[in-house]
Participant: 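Sharing a structure with you now.
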Amino acid sequence: MPRSIIAGVGMYVPENIFTNEDMTKYMDTSDAWIQERTGIKERRFADRTKETTTTMGVEAAKMAIDRAGITPQDIDFIIFATLSPDYYFPGCGVLVQRAMKMKEVGALDVRNQCSGFVYALSVGDQFIRSGTYKNILVIGSEKHSFVLDFNTRSRNISVIFGDGAGAVVLQPTEEENRGIISSHLHSDGTEAEILALYNPGSHANYWKEGLADYEDAELGELYENQAMVDKLQNFPIMDGPAVFKKAAVKFPEVIMEALNKNGYKTSDLSLLIPHQANMRISQFVQQKLHLRDDQVFNNIQKYGNTTAASVPLALCEAWQEGRIKEGDLICLAAFGSGFTWASTLLKW
Ligand code: UT7
């Protein structure tokens with residue numbers, strides 16, 4: 001059975017750097033607070049009129065396709081992970097197909113937030129292993145800046161997110177001891193609403209938030225109404241400490257699951273590339289697993305939390321910096337809204 005290798009990796013971040021100091025113009029926060037609690041120094045924000053989740057994904061894809069030594073016409077399946085799609089529907093996958101003038105290949109969108117890319121990679125891996133496809137494009141991209149509430153009331157969430165994209169091309173190999181070894185996917189929806197963006201949505205949770213007019217609302221008003229806007233239901237919400245606590249348990253667990261399943265120890269790991277949620281979470285995981293500094297990659301300082309883009313962005317930068325070499329044992333791991341969490345173990 002063939003295994004999947006990452007034949008090319010690419011990234012794109014907008015030119016516009018938005019520093020913590022810039023954030024203080026919009027809300028009561030400080031560079032010191034943001035750096036101390038998250039490790040973030042700055043993030044990138046897309047050009048509001050020119051860049052979208054898809055256009056950034058396309059730029060990252062071009063780089064990955066080029067590095068794989070193929071052309072967009074060689075791609076035979078697209079998987080696009082994002083929580084900030086250009087449109088509510090259709091998804092970004094078809095927009096990539098159109099923008100890159102690809103053949104009429106399948107395009108699948110994955111909505112798993114922070115673990116979206118790791119989930120997407122595992123789906124691509126199955127199609128490679130089954131021999132169905134030869135060149136799969138997997139993209140993670142986010143344009144968070146358009147939906148954040150730049151106001152003190154939402155400062156706990158708005159300071160952590162940034163825009164950007166990462167992409168890989170998966171190809172089959174018959175070489176033993178190379179490529180994706182295993183993926184481990186999990187979810188627990190018990191606390192689905194503590195890190196969420198409710199609207200637009202078909203949920204019937206309006207009463208939970210005390211929207212007085214829910215019972216009497218006309219059909220169309222349930223989709224979008226003034227009370228929703230007043231109660232900030234058109235912005236993402238997060239119980240940060242609760243997410244932090246769960247992440248601190250599930251990150252180490254899912255990394256160890258991948259290592260144990262394949263008979264490896266933490267000392268065998270060449271590089272852990274965690275989803276860039278918060279520097280303090282990464283440091284906690286590193287300490288808990290007794291990993292050296294050179295075994296963990298972080299770039300949250302520069303880009304903030306880019307959700308589905310964060311793992312491929314970090315993977316791409318790690319590769320560009322020479323931190324990944326042939327034969328290295330790499331673990332990708334993510335945790336986020338849902339909750340969903342996942343890991344992938346691979347030999348480069
Ligand atoms: O991507 C995956 C999903 N997301 C995550 O993994 C995020 C996980 N959680 C976190 O990263 C952290 O919980 C945050 C960075 C979001 C928040 O840090 P925290 O240390 O958990 O702070 P907190 O929410 O407990 O708030 C502590 C204090 C509060 O003030 P009081 O009540 O103690 O006076 C907040 O109002 O910090 C205040 N605060 C801020 N102050 C300045 C919250 N956000 C800010 C801010 N600037 N941006």
Side-chain angles (χ1 to χ4, degrees), residues 18-43 81-84 111-119 140-145 147-164 166 186-189 191-197 232 235-255 273-286 288 298-301 303-314 332-343:
F18 197 84
T19 64
N20 293 343
E21 209 52 50
D22 293 330
M23 204 61 88
T24 65
K25 292 174 202 150
Y26 295 84
M27 60 191 79
D28 179 15
T29 188
S30 66
D31 178 45
W33 190 97
I34 300 171
Q35 284 211 46
E36 192 201 314
R37 302 292 180 117
T38 71
I40 298 165
K41 294 188 164 122
E42 59 192 37
R43 73 285 294 139
T82 187
L83 66 66
S84 51
R111 297 191 52 187
N112 272 58
Q113 299 68 247
C114 302
S115 65
F117 181 81
V118 182
Y119 264 75
S141 180
E142 303 286 2
K143 182 178 168 181
H144 284 305
S145 54
V147 76
L148 294 172
D149 180 24
F150 288 96
N151 197 301
T152 299
R153 63 195 177 196
S154 299
R155 63 183 177 175
N156 71 317
I157 189 162
S158 297
V159 299
I160 71 176
F161 292 107
D163 301 340
H186 295 282
S187 75
D188 174 1
E191 295 175 290
E193 284 81 11
I194 73 168
L195 173 47
L197 172 55
L232 306 182
F235 292 118
I237 49 162
M238 175 171 73
D239 177 346
V243 177
F244 195 109
K245 274 186 211 137
K246 189 90 171 181
V249 174
K250 294 302 175 189
F251 260 115
E253 206 174 272
V254 80
I255 294 162
I273 301 182
H275 160 54
Q276 305 291 297
N278 181 320
M279 186 64 115
R280 282 163 57 220
I281 296 177
S282 289
Q283 286 166 345
F284 177 85
V285 173
Q286 180 177 341
K288 176 135 183 148
N298 289 304
N299 62 2
I300 192 170
Q301 308 89 320
Y303 306 126
N305 179 338
T306 57
T307 311
S310 107
V311 168
L313 244 177
L332 313 177
F335 174 90
S337 162
F339 296 119
T340 65
W341 60 101
S343 65

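We number each residue from 1, following the sequence as shown. Scope of the values below: all heavy atoms of this structure, side chains included, with no hydrogens, waters or symmetry mates. One-based numbering, in listed order, for ligands and for the atoms of each.
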Participant: Using a 4.0 Å heavy-atom threshold (strictly under), name the region of Ile34 that reaches ligand 1: side chain, backbone, both or neither.
Facilitator: neither
Participant: Answer yes or no: is there a donor N or O on one side and an acceptor on the other, between the side chain of Asp163 and the main chain of His144, under 3.5 Å?
Facilitator: yes
Participant: For Ser141, is there any backbone N or O sitting under 3.5 Å from a side-chain donor or acceptor partner on Thr82?
Facilitator: yes
Participant: I need the atoms of ligand 1 closer than 4.0 Å to a non-hydrogen atom of Asn156, numbered in the order shown.
Facilitator: 16 (C), 43 (C), 44 (N)
Participant: Please determine whether side chain to side chain contact (heavy atoms under 4.5 Å, CB included) holds for the pair Met23 and Asp31, giving the CA-CA distance in whole Å, both sets of side-chain angles, and the decisive distance to 0.1 Å.
Facilitator: CA-CA 8 Å; Met23 204 61 88; Asp31 178 45; over 6 Å; no
Participant: Below 4.0 Å from ligand 1: does a non-hydrogen atom of Leu195 turn up there or not?
Facilitator: yes
Participant: I want to confirm something. Looking only at heavy atoms, which of Ser154, Gly304, Ala277, Ala242 is nearest to atom 6 (O) of ligand 1?
Facilitator: Ala277
Participant: Closer than 4.0 Å to some heavy atom of Cys114 - which atoms of ligand 1 meet that?
Facilitator: 1 (O), 2 (C)
Participant: Output the list of atoms in ligand 1 that are nearer than 4.0 Å to some heavy atom of His275, sorted by atom number.
Facilitator: 1 (O), 2 (C)
Participant: Test side chain to side chain contact (heavy atoms under 4.5 Å, CB included) on Glu191 and Asp239 and set out the steps.
Facilitator: CA-CA 10 Å; Glu191 295 175 290; Asp239 177 346; over 6 Å; no
Participant: Please tell me whether Glu142 and Ser84 have a donor and an acceptor in their side chains that are separated by less than 3.5 angstrom.
Facilitator: yes
Participant: Would Ala247 count as a contact residue for ligand 1, given that I'm defining contact as a non-hydrogen atom of the residue lying under 4.0 Å from a ligand atom?
Facilitator: no
Participant: Give a yes or no on whether atom 22 (O) of ligand 1 lies under 4.0 Å from any heavy atom of the protein.
Facilitator: yes
Participant: Specify the protein heavy atom at minimum distance from atom 10 (C) of ligand 1: its residue, its atom name, and the distance to 0.1 Å.
Facilitator: Asn278 ND2, 3.5 Å
Participant: Within the side chain of Ser115, is there an N or O that forms a donor-acceptor pair under 3.5 Å with the backbone of Ala342?
Facilitator: no
Participant: What atoms of ligand 1 come within less than 4.0 Å of a heavy atom belonging to Phe335?
Facilitator: 2 (C)
Participant: Could you list the atoms of ligand 1 found under 4.0 angstrom from a heavy atom of Val159?
Facilitator: 48 (N)
Participant: Mark up the atoms of ligand 1 that fall under 4.0 Å of a heavy atom belonging to Ile281, in ascending order.
Facilitator: 6 (O)
Participant: Do you see a protein non-hydrogen atom under 4.0 Å from atom 33 (O) of ligand 1?
Facilitator: no
Participant: Report yes or no: does Met23 have a heavy atom closer than 4.0 Å to ligand 1?
Facilitator: no
Participant: Under a 3.5 Å distance rule, please check whether Ser343 uses its side chain to pair with a backbone N or O of Ile255 as donor and acceptor.
Facilitator: no
Participant: Could you find the nearest protein heavy atom to atom 29 (C) of ligand 1 and give me its residue, atom name and distance?
Facilitator: Arg155 NH2, 4.8 Å
Participant: Of the protein's non-hydrogen atoms, which lies at the shortest distance from atom 1 (O) of ligand 1, and what is that distance?
Facilitator: Asn305 ND2, 2.6 Å
Participant: Report, in ascending order of atom number, the atoms of ligand 1 lying under 4.0 Å from any heavy atom of Arg280.
Facilitator: 20 (O)
Participant: Could you walk me through whether Ile40 and Ile160 pass the side chain to side chain contact (heavy atoms under 4.5 Å, CB included) test, one step at a time?
Facilitator: CA-CA 7 Å; Ile40 298 165; Ile160 71 176; 4.0 Å; yes
Participant: If I apply the N/O under 3.5 Å rule, does Gly240 come out as touching ligand 1?
Facilitator: yes
Participant: Are there protein heavy-atom neighbours of atom 48 (N) of ligand 1 below 4.0 Å?
Facilitator: yes
Participant: Determine the interplanar angle of the Phe335 and Phe251 rings, folded into 0 to 90°, and report it as parallel if under 30°, tilted if 30 to 60°, perpendicular if over 60°.
Facilitator: tilted
Participant: Can you tell me which residue and heavy atom of the protein come closest to atom 17 (C) of ligand 1, and the distance to 0.1 Å?
Facilitator: Trp33 CH2, 3.8 Å
Participant: Nearest protein heavy atom to atom 5 (C) of ligand 1, by residue and atom, and its distance?
Facilitator: Val243 CG1, 3.6 Å
Participant: With respect to atom 4 (N) of ligand 1, which of Gln113, Met238, Arg37 exhibits the smallest heavy-atom separation?
Facilitator: Met238
Participant: Suppose we measure from atom 25 (O) of ligand 1 to each protein heavy atom; which comes out shortest, and what is that distance?
Facilitator: Pro241 CG, 3.4 Å
Participant: Before accepting this row, confirm whether a basic side-chain N of the pair Asp188/Lys250 lies closer than 4.0 Å to the acidic partner's carboxylate O.
Facilitator: no
Participant: Is there any N or O on Thr38 that sits under 3.5 Å from an N or O of ligand 1?
Facilitator: no
Participant: Run the side chain to side chain contact (heavy atoms under 4.5 Å, CB included) check on Gln276 and Asn298 step by step: do they pass?
Facilitator: CA-CA 7 Å; Gln276 305 291 297; Asn298 289 304; 3.5 Å; yes
Participant: Is the His186 ring parallel, tilted or perpendicular to the Trp341 ring (thresholds 30°, 60°)?
Facilitator: parallel
Participant: With Arg43, which of Asn20, Thr306, Asp22 fulfils side chain to side chain contact (heavy atoms under 4.5 Å, CB included)?
Facilitator: Asn20
Participant: For Thr19 versus Glu42, what's the shortest heavy-atom pair and its separation?
Facilitator: CA-CB, 4.0 Å
